[in-house]
2 protein chains.
Amino acid sequence: MQSASVVRALGALAQEHRLAAFRLLVQAGPEGLAAGALAEALDIAPSSLSFHIAQLANAGLVTQRRNGRSILYAADYAAMAMVMGFLTENCCGGAACVPTIDCKPASTTERDVA
Amino acid sequence: MQSASVVRALGALAQEHRLAAFRLLVQAGPEGLAAGALAEALDIAPSSLSFHIAQLANAGLVTQRRNGRSILYAADYAAMAMVMGFLTENCCGGAACVPTIDCKPASTTERDVA
DNA sequence: CATTCAATTCAACTATTCTTGAAATATCGA
DNA sequence: TCGATATTTCAAGAATAGTTGAATTGAATG
């Protein structure tokens with residue numbers, strides 16, 4: 001019964017600012033981006049970004065770690081792949097289609113997420 | 001600026017009943033399922049299903065066609081692939097990962113959706 | 001043409017989401 | 001420790017989402 005967590009993940013992505021933030025993080029790679037950098041890139045208030053990024057984190061789509069005064073957020077590729085796999089599961093009654101997504105950027109495995 | 005349509009698609013999927021309905025349609029294949037069959041499978045009121053399936057249709061995730069008294073809904077695989085492609089675009093700053101999804105069930109191309 | 005079946009639309013209500021600014025928490029440097 | 005920076009939490013309001021049953025539209029059957 002993982003459908004509830006997929007609903008949360010999709011709901012987390014189903015908002016203009018959060019989708020944009022997630023895509024920035026996906027493109028930024030495992031290094032991630034600071035909350036402030038995201039707020040500035042998206043041109044929204046810091047408190048608004050906190051609200052949105054918390055939902056992405058709560059849905060398991062991003063991880064966070066502190067770096068000095070900043071908090072860096074990074075996309076969780078495994079979670080993203082899980083959501084996609086769930087959507088396409090048994091696609092077309094089992095006909096061969098929809099390859100499993102397997103995104104393993106170079107430094108993902110060595111990363112340690114607090 | 002396709003992000004708005006992706007937000008709508010994700011929002012359409014970010015709900016328990018709609019996610020379940022979409023998955024049933026994905027698994028049902030191009031033949032699709034009648035609105036009544038979906039309502040029964042999901043155990044929700046017909047008016048509730050109408051409300052939800054309309055959002056999936058509005059987001060472009062499902063197509064509809066009439067068959068006698070019933071209206072059959074079917075998943076739109078191209079739209080699904082588009083959403084996933086958008087999420088993973090330029091993943092990891094361009095590192096080779098995330099193969100493009102290419103779901104082409106046997107009869108999809110010959111289907112004519114009104 | 002009247003009846004029945006399938007699905008949608010409507011109105012009303014409750015619940016959740018998003019935004020904002022002010023206050024609080026945590027880290028760093030002098 | 002004090003002040004500055006980075007981020008989160010809180011409270012309150014406006015907007016949107018989800019549910020229900022009743023009324024409506026559209027297609028098939030006699």
Side-chain angles (χ1 to χ4, degrees), chain A residues 3-22 24-25 28 31-75 113-114, chain B residues 3-22 24-25 28 31-75 113-114:
Chain A
S3 99
S5 73
V6 172
V7 166
R8 274 200 313 176
L10 291 167
L13 292 171
Q15 207 275 340
E16 181 190 353
H17 298 323
R18 291 196 295 265
L19 180 57
F22 184 73
L24 282 176
L25 293 178
E31 274 303 298
L33 294 173
L38 281 170
E40 189 176 6
L42 300 177
D43 192 28
I44 61 179
S47 66
S48 204
L49 179 99
S50 264
F51 172 80
H52 288 305
I53 202 84
Q55 286 182 68
L56 288 170
N58 191 270
L61 288 167
V62 304
T63 58
Q64 60 191 27
R65 66 187 205 278
R66 180 174 279 277
N67 181 313
R69 306 182 186 181
S70 296
I71 295 186
L72 297 178
Y73 289 92
V113 180
Chain B
S3 100
S5 73
V6 172
V7 166
R8 275 199 313 175
L10 291 167
L13 292 171
Q15 207 275 338
E16 180 191 353
H17 298 323
R18 291 196 293 267
L19 179 58
F22 184 72
L24 283 176
L25 294 178
E31 274 302 298
L33 294 171
L38 282 170
E40 189 174 9
L42 300 177
D43 192 29
I44 61 178
S47 65
S48 204
L49 178 98
S50 266
F51 172 79
H52 289 305
I53 202 81
Q55 285 182 69
L56 287 170
N58 192 269
L61 287 166
V62 304
T63 58
Q64 58 192 24
R65 65 187 207 278
R66 181 173 279 278
N67 181 313
R69 303 183 184 181
S70 297
I71 294 185
L72 297 178
Y73 288 91
V113 180

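Not measured: the values here are computed from a predicted model. Reminder, nothing fancy here: chain letters follow the sequence lines and each chain counts from 1.
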Check: Which nucleotide in the set C/dT8, C/dC18, D/dA6 lies at the smallest distance from any side-chain heavy atom of A/Ser70?
Finding: D/dA6

Margin query: Does D/dA17 have OP1 or OP2 under 4.0 Å away from a side-chain N or O of B/Gln55?
Written below: no

Next item on the list: Nearest 0.5 Å please: distance from the OG atom of B/Ser48 over to the CD1 atom of B/Ile53.
Entry: 11.5 Å

Check: Can you name the nearest heavy-atom pair linking A/Ala34 to A/Ser70, along with the distance?
Finding: CB-CB, 4.0 Å

Kindly give the atom pairs (protein nitrogen or oxygen, nucleotide nitrogen or oxygen) under 3.5 Å for nucleotides 9-14 of chain C.
none

Item checked: Inter-end axis angle, the helix from C/dC1-D/dG30 to C/dA30-D/dT1, with every axis fitted to five base pairs (rounded, 10 degrees) -> 30°

Notebook entry, point to check: Once you round it to whole Å, what is the distance between P of D/dG18 and CD1 of B/Ile53?
Noted result: 14 Å

Item checked: Nucleotide C/dT16, atom C1' - distance to CD of B/Gln15 in whole Å -> 12 Å

Check: In whole Å, what is the span from the CZ atom of B/Arg18 to the P atom of D/dA17?
Finding: 9 Å

Item checked: Spacing of B/Leu25 atom CG and B/Arg18 atom CZ [to the nearest 0.5 Å] -> 13.5 Å

Notebook entry, point to check: Can you tell me how far C1' of C/dT16 sits from CZ of A/Arg8, to the nearest Å?
Noted result: 16 Å

Check: What string of B, S and - do you get for nucleotides 23-30 of chain C, 5' to 3', if B is base contact, S is sugar-phosphate-only contact and - is no contact with any protein heavy atom under 4.0 Å?
Finding: ---SBB--

Checklist line | Between C1' of D/dA27 and CD1 of B/Ile71, the distance in whole Å | finding: 10 Å

Next item on the list: Just grab all the ring-ring contact (aromatic ring centres under 6.0 Å, His included) pairs involving residues 52-75 of chain A, residues at least two apart or on different chains.
Entry: A/His17-A/His52

Notebook entry, point to check: Looking at CG of A/Leu33 and CD of A/Glu40, how far apart are the two atoms once the value is rounded to the nearest 0.5 Å?
Noted result: 11.5 Å

Item checked: Residues in side chain to side chain contact (heavy atoms under 4.5 Å, CB included) contact with A/Val6, at least two apart in sequence or another chain -> A/Leu10, A/Met82, A/Val83, A/Phe86, B/Leu19

Checklist line | Non-hydrogen atoms of B/Leu42 and B/Ala21 that approach each other most closely | finding: CD1-CB, 3.7 Å

Check: Which atom pair, heavy atoms only, marks the closest approach of A/Ile71 to A/Arg66?
Finding: CD1-NH2, 4.0 Å

Margin query: Heavy atoms within less than 4.0 Å of DNA chain D: which residues of residues 32-45 of chain A have one? Give them sorted by number.
Written below: A/Ala34, A/Ala35, A/Gly36

Check: Roughly how far apart are B/Arg8 CZ and B/Leu13 CG, rounded to 0.5 Å?
Finding: 12.5 Å

Notebook entry, point to check: Roughly how many Å is it from CZ in B/Arg65 to P in C/dA6, rounded to a whole number?
Noted result: 18 Å

Check: Between A/Tyr73 and D/dA6, is there a side-chain N or O to OP1/OP2 distance below 4.0 Å?
Finding: no

Next item on the list: Please name the pair of heavy atoms, one in B/Ala12 and one in B/Ala59, separated by the smallest distance, quoted to 0.1 Å.
Entry: CB-CB, 3.8 Å

Notebook entry, point to check: At what distance, to the nearest 0.5 angstrom, does OG1 of B/Thr63 lie from CG of B/Leu72?
Noted result: 9.5 Å

Check: Would you say D/dA17 has OP1 or OP2 under 4.0 Å from some side-chain N or O of B/His52?
Finding: no

Check: Nearest 0.5 Å, what's the CG-CZ distance between B/Leu38 and B/Phe22?
Finding: 12.0 Å

